[in-house]
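Small disclaimer: the values here were computed from a predicted structure and weren't measured. In what follows, chains carry the letters A, B, and so on, assigned in the order in which the sequence lines appear, proteins first and then strands, with residues in each chain numbered from 1.
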Protein chains: 2
Amino acid sequence: MVLPRAARTQRRTRIQEEKEELILEAALDVFATHGFRGSTIDQIAEVAGMSKPNLLYYFRTKEAMHRALIDRVLDSWLDPLREFDAEGNPVSEIRSYIRRKLEMARDFPRESRLFANEILQGAPHIEDELKGPLKLLVDEKAEVIRSWIKAGKIAKCDPYHLIFAIWSTTQHYADFDVQVRGVLGDERSGEGRFEDAARFLEQLFVSGLEIKEGSA
Amino acid sequence: MVLPRAARTQRRTRIQEEKEELILEAALDVFATHGFRGSTIDQIAEVAGMSKPNLLYYFRTKEAMHRALIDRVLDSWLDPLREFDAEGNPVSEIRSYIRRKLEMARDFPRESRLFANEILQGAPHIEDELKGPLKLLVDEKAEVIRSWIKAGKIAKCDPYHLIFAIWSTTQHYADFDVQVRGVLGDERSGEGRFEDAARFLEQLFVSGLEIKEGSA
DNA sequence: GTAATGTTTTACCAACCGGTCAAATTATCA
DNA sequence: TGATAATTTGACCGGTTGGTAAAACATTAC
């Protein structure tokens, strides 16, 4: 018998494992470049190299596909922020946070664009995650930053806007890649641009957060 | 006779003027939140409060609407960068550039999202503008920044990445507004957040670009 | 091997999409 | 006023979209 996909609570087949992987990979490609509404199941099916009904056998709707993708990616996307360590040296913590975020922008640009599309379009599918888990994590790390400020280890500043600034500057290289390449021109568009960006951003944030004489 | 819209080279009617305005306003709403592919003519027509064929009487295709919108907005979008003045004081020039960009993010978030959507999705309609006029303008301003560095007025840094950083941090408040609001929570999501952002970003960039002792 | 289960395909549907057409309505101006 | 041009609308069209039904095919368990 053909059970509806959702009713199967038994352990998954090898084929299921493989195909779902294949589909999510293709869906990431398509959703990341066209957003949810701009993407079609046919497109995803073509990229995945399978027929549309076959794809719908694994994920019963386009929404289900998108949700599965978001769930899988959101968690790992926040890893760099989780590593932010209250016990560490503030400057080197911030420095390595920037570096990690920049590495993710370089190595996982599709994941970055998936979120960018989603948020840009009003986050209709992940609003709860934003106000829940994400806010919690950011609140926690903002508190860490605030403690560093109180301890006189970095300059006084709004920790939330600091985090926003790190997010935006790093993700910019994934989300606005075409623009960055367009402006830099062919000569400077190679992978070296990430090293240049890292150098610039580390300098900006490190000296931007340095304690100035007479301000304590 | 009913002339095709494009053939009318005569001066435009009062009604034409008004309706085209009305349509572009509605189109901005829709394109900004759903991207080009995710938007439908019916949607725009509904927002504009007119029938689809009527809308298509003024703009013959969806593409034409989008293009008209891009053309109108792109130019004014670059105004803040154009005001960047080589003769001015570097620190205050950068400071007011940040402020202007932030004001645009606050007052014209739809325009910002229109571009963000377009670029995020590979800039299929404005690639030429990116590699042409935009690159030219940025090249010119990068040269200005470089001259300030050479003159020892600000710290040594890559001018292009500096511009990217200002773009990304400021536009973040328009493009990722839902996220910003979600993380800040209801209490801090009011208009005051733009003042907080301005204060933070000015501090970051100003002290981030200060000349340090012993580095000249 | 065969029966049960899991997978894939073909054919299809209703809703929606961008866009056209011709007729109806309204504004302009001599 | 009436003729002319500009504007608006409802009906429609071919293609695409998300999704379904059922049967063919493959795999696994016994």
task: Measure the distance from CG on B/L22 to C1' on D/dT8 and round it to the nearest whole Å.
output: 14 Å
message: For A/D196 and B/Y160, which I'm curious about, is there any donor-acceptor pair between the side chains at under 3.5 Å?
response: no
- prompt: Rounded to whole angstroms, how far apart are NE2 on A/H66 and P on D/dG18?
  reply: 13 Å
field: Integer-rounded Å distance: C/dT9 P and A/N54 CG
entry: 5 Å
task: Can you tell me the distance, in whole Å, between the OH atom of B/Y58 and the C1' atom of D/dT8?
output: 8 Å
field: Residue met sooner reading DNA chain D from 5', once A/F36 and B/P53 are mapped to nucleotides
entry: B/P53
query: Are A/Q121 and B/H34 close enough that a side-chain donor and a side-chain acceptor fall under 3.5 Å?
result: no
task: May I have the distance from B/L56 (atom CG) to D/dT7 (atom C1'), rounded to whole angstrom?
output: 14 Å
Estimated bend of the helix from C/dG1-D/dC30 to C/dA30-D/dT1 (axis per five terminal pairs, rounded to 10 degrees): 10°
message: Quick one, A/L136 and A/E140 - any side-chain contact, counting heavy atoms below 4.5 Å?
response: no
message: Please determine whether a side-chain nitrogen or oxygen atom of B/K19 lies at a distance below 4.0 Å from atom OP1 or OP2 of D/dT8.
response: yes
field: Whole-Å gap separating P (D/dT17) and CG (A/L55)
entry: 14 Å
task: Indicate, with yes or no, if the rings of A/Y173 and B/W167 have centres closer together than 6.0 Å.
output: no
- prompt: OP1 or OP2 of C/dT20 less than 4.0 angstrom from a side-chain nitrogen or oxygen of B/K52, does that happen here?
  reply: no
message: Using heavy-atom distances to pick each residue's nearest nucleotide on DNA chain C, tell me which of A/M50 and A/R37 is more 5'.
response: A/M50
- prompt: Base, sugar-phosphate, or nothing: which does B/S51 touch, judged by heavy atoms less than 4.0 Å apart?
  reply: base
field: Which atom of A/L81 lies closest to which atom of A/V138, heavy atoms considered
entry: CD2-CG2, 4.1 Å
message: Ignoring hydrogens, what is the shortest heavy-atom contact between A/G38 and B/R37? Give both atom names and the distance.
response: O-NH2, 2.6 Å
Value in whole Å for how far the P atom of D/dT20 lies from CG of A/D42: 14 Å
- prompt: Which residue pairs satisfy the salt bridge (Lys or Arg N to Asp or Glu O under 4.0 Å) criterion with at least one member in residues 161-177 of chain A, sequence neighbours excluded?
  reply: A/D177-A/R181, A/D177-A/R193
query: Does A/Y57 have a side-chain nitrogen or oxygen under 4.0 Å from the phosphate oxygens OP1 or OP2 of C/dT7?
result: yes
message: How many whole angstroms separate atom CD of A/E20 from atom P of C/dT8?
response: 11 Å
